[in-house]
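Report on the following structure.
From a predicted model like this one, the values you see are computed outputs, not experimental measurements. Note that these values count all heavy atoms, side chains included, but never hydrogens, waters or copies made by symmetry.
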Amino acid sequence: MDAAGVSAMLEFDDCADDQAARRRALDLLASAPHRGGVEFWVEGGQPMRVTATDLPASS
């Protein structure tokens, strides 16, 4: 998503579970800091969002 929360692109990944999907979202966000966030959908569930505040602090 861009800074306004608008989906600028779509990418489809199959992940083993919710935690794997969250790790993938964090990796995507870390690799493209210009993104405002990453939203991911769980089958049958509500979308989840990862933003820069969810990234681990750099050492």
Side-chain angles (χ1 to χ4, degrees):
M1 297 178 301
D2 64 16
V6 176
S7 293
M9 66 180 249
L10 295 174
E11 183 172 320
F12 295 92
D13 288 331
D14 269 335
C15 297
D17 55 31
D18 292 354
Q19 290 303 315
R22 181 174 169 77
R23 285 190 303 272
R24 177 68 176 134
L26 288 167
D27 288 345
L28 287 169
L29 187 57
S31 69
H34 62 279
R35 290 181 172 151
V38 175
E39 185 174 83
F40 58 103
W41 292 70
V42 180
E43 186 174 336
Q46 294 293 318
M48 292 183 253
R49 184 175 289 181
V50 174
T51 65
T53 60
D54 298 307
L55 290 171
S58 298
S59 315

Item to check | Listed partners of S31 passing side-chain hydrogen bond (donor to acceptor under 3.5 Å, both in side chains), at least two apart | outcome: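 Once residues adjacent in sequence are excluded, S31 has no partner under the side-chain hydrogen bond (donor to acceptor under 3.5 Å, both in side chains) criterion.
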Item to check | Separation between CZ of F40 and CZ of R49, rounded to the nearest 0.5 Å | outcome: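 With rounding to 0.5 Å, CZ (F40) is 11.5 Å from CZ (R49).
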Item to check | Non-neighbouring partners of D17 that pass side chain to side chain contact (heavy atoms under 4.5 Å, CB included), sequence neighbours left out | outcome: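 For D17, the residues satisfying side chain to side chain contact (heavy atoms under 4.5 Å, CB included) (neighbours in sequence not counted) are Q19, A20.
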Next on the checklist: According to a hydrophobic-cluster definition based on side-chain heavy atoms being under 4.5 Å apart (Ile, Leu, Val, Met, Phe, Trp, Tyr only), do M48 and W41 belong together?
Outcome noted: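 M48 and W41: separate clusters.
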Could you pull out every donor-acceptor pair under 3.5 Å between side chains of residues 22-29 and any protein atom, sequence neighbours left out?
unit_1: R24; atom_1: NE; unit_2: D13; atom_2: OD2; d: 2.7
unit_1: R24; atom_1: NH2; unit_2: E11; atom_2: OE2; d: 2.6
unit_1: R24; atom_1: NH2; unit_2: D13; atom_2: OD2; d: 3.4

